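For clarity, every value in this text was computed on a predicted model and none was experimentally measured. In each ligand, atom 1 is the first atom listed, and ligand 1 is the first ligand listed.
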Amino acid sequence: MKRMLSGIKPTGQLHLGNYIGALRHFVENQDEYEMIAFIANLHCITVPQDPEELQKNLKDCVALYLACGLDPEKSTIFLQTDVPAHAQLGYIMCCHTYLGELNRMTQFKDKQAKGEKNLSGGLYTYPTLMAADILIYDPDYVPVGEDQKQHVELCRDVAIRMNNRYGKLFRIPEPAVPKVGARIMSLSDPSKKMSKSDGTDKGCIYLLDPLPKARKKVMSAVTDSIGKVHFDPENQPGVSNLMQIMSSLTGKSLEDIEKEFEGKGYGDFKRAVADSVCSTLETIQTRYNEIISSDLIEKTLKEGAEKASAYASVKLKQVQQAIGMEIR
Ligand code: TYM
């Protein structure tokens, strides 16, 4: 069975972009692949966190993994810090990555360009930790949204370099980026990615948003004056974004959505998008409410960490031996 691995960094509440671009694909693939899905809590602290809030977000993230349909019987689900080999291999990866490679990472460059002050060293080197997260399990595929593709490509480059230098250590993974929904945009500014850190609450639908609030966000989404439901990200970014959301959540193709709303106004269209969002959120939230007060979270993380550690510790040892860091 081929293996897939991915993670989400709960620096805030999980949102619809995380679900459409990543999480739902973990769930869809867990029958066909050996799925490893972790919570990237080391990555969270690359930007300042309020400890109380982080605690809540971590627990919610596990509950949401489960509420969205990840099954601990099929998938390995764990907290990154419960498997210390990630950080250990992360350091080794960092020592095999060139500064020039890190300087090219657009996520860091964008933050720098915005003039954000006091960016941490961890934020700069975080793609090397991400490379370790991946390579330590030898996955075949890494399902991610568009914004993480560059980091998976860096991971491949460093893995190939290390394989050439030390002999075959790592399987070279492929990024798996969905055709539709890989980059869900902000509802209030469709030129920006939907993100938990975009400052305004209006552009981002959180998976735990009350349904009336989520509906209101869709209904007030920025569109255009063209008045036609047509997929054209360049000229109609707002409408095209809503179409991608609807297509991802209902399984309807973009062409079918265009046909369905031919001759109709944006009001009807937005109501249909809001219905698809609210029905998805309702299902997730009903399960979340059952899970959050049960002992399933603790049990899942404990079993997941045991399974993941067994694999990761062997891999770390192999790497350290190949590099010559251990006395044999
Ligand atoms: P993170 O936490 O920023 O995002 C988690 C996943 O959600 C996707 N995503 C989106 N997809 C579509 N539209 C959006 N607006 C949107 N926003 C986010 C991301 O592409 C991602 O797949 N570094 C990673 C976490 C990580 C990881 C890993 C992932 C750490 N180690 C190893 C894969 C493998 C991150 O910060 O993702």
Which option wins on minimum heavy-atom distance to [atom]: [options]?
{"atom": "atom 15 (N) of ligand 1", "options": "T11, I245, I184", "result": "I184"}
{"atom": "atom 20 (O) of ligand 1", "options": "D147, L135, V177, N241", "result": "D147"}
{"atom": "atom 3 (O) of ligand 1", "options": "Q244, H15, K9", "result": "K9"}

Check ligand 1 against [X] and write out every atom of the ligand that is under 4.0 Å from a heavy-atom position of the residue.
{"X": "V142", "value": "33 (C), 34 (C)"}
{"X": "R183", "value": "12 (C), 13 (N)"}
{"X": "G181", "value": "12 (C)"}
{"X": "K193", "value": "15 (N)"}
{"X": "A22", "value": "6 (C), 7 (O), 22 (O)"}
{"X": "V144", "value": "22 (O), 33 (C)"}
{"X": "I8", "value": "2 (O), 5 (C)"}

Location of contacts on [X] toward ligand 1, heavy atoms closer than 4.0 Å:
{"X": "D133", "result": "side chain"}
{"X": "V152", "result": "neither"}
{"X": "A182", "result": "backbone"}
{"X": "I134", "result": "side chain"}
{"X": "M194", "result": "both"}

Modelled atom types, side-chain donor and acceptor of Y141 and H25, under 3.5 Å: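 No, no side-chain donor-acceptor pair sits under 3.5 Å.
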Can you tell me how far [atom2] of [Y] sits from [atom1] of [X], rounded to the nearest 0.5 angstrom?
{"X": "C155", "Y": "Q148", "atom1": "SG", "atom2": "CD", "result": "11.5 Å"}
{"X": "K317", "Y": "Q88", "atom1": "NZ", "atom2": "CD", "result": "10.5 Å"}
{"X": "L135", "Y": "R156", "atom1": "CG", "atom2": "CZ", "result": "10.5 Å"}
{"X": "K302", "Y": "E298", "atom1": "NZ", "atom2": "CD", "result": "9.0 Å"}
{"X": "S248", "Y": "I184", "atom1": "OG", "atom2": "CD1", "result": "5.0 Å"}

Please report whether ligand 1 has a polar contact with [X], defined as an N or O pair separated by less than 3.5 Å (distance criterion only).
{"X": "E146", "answer": "no"}
{"X": "F38", "answer": "no"}
{"X": "G17", "answer": "yes"}
{"X": "P143", "answer": "no"}

Should [X] be listed as contacting ligand 1, given a heavy-atom distance under 4.0 Å as the test?
{"X": "H151", "answer": "no"}
{"X": "K196", "answer": "yes"}
{"X": "S6", "answer": "yes"}
{"X": "P127", "answer": "no"}
{"X": "I20", "answer": "no"}

Would you mind checking if [Y] and [X] are paired as a salt bridge, meaning a charged N to carboxylate O distance below 4.0 Å?
{"X": "D201", "Y": "K217", "answer": "yes"}
{"X": "E153", "Y": "R104", "answer": "no"}
{"X": "D31", "Y": "K74", "answer": "yes"}
{"X": "E255", "Y": "K259", "answer": "no"}

Please assess L14 against D60 for the test side-chain contact (heavy atoms from CB on, under 4.5 Å), listing each intermediate value before the final yes or no. CA-CA 8 Å; L14 262 53; D60 277 351; over 6 Å; no
The test is salt bridge (charged side-chain N to carboxylate O under 4.0 Å, His left out); show your working for R3 and D138 and say whether it passes. CA-CA 8 Å; R3 182 176 293 169; D138 284 316; 5.6 Å; no
If you have a sec, work out which protein heavy atom is nearest [atom] and how many Å separate them, to one decimal?
{"atom": "atom 21 (C) of ligand 1", "answer": "Q148 CG, 3.8 Å"}
{"atom": "atom 7 (O) of ligand 1", "answer": "N18 ND2, 3.2 Å"}
{"atom": "atom 26 (C) of ligand 1", "answer": "G7 O, 3.9 Å"}
{"atom": "atom 22 (O) of ligand 1", "answer": "G145 N, 3.1 Å"}
{"atom": "atom 28 (C) of ligand 1", "answer": "M130 CG, 3.5 Å"}

When hydrophobic residues are tied together by side-chain contacts of less than 4.5 Å, even through go-betweens, does [X] share a cluster with [Y]?
{"X": "L129", "Y": "Y137", "result": "no"}
{"X": "I297", "Y": "I284", "result": "yes"}
{"X": "I226", "Y": "F261", "result": "yes"}

With a 4.5 Å cut-off on side-chain heavy atoms, are M105 and Y126 touching?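 No; the side chains remain at least 4.5 Å from each other.
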Aromatic centroids of F108 and H151 separated by under 6.0 Å: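 Between H151 and F108, the centre distance exceeds or equals 6.0 Å.
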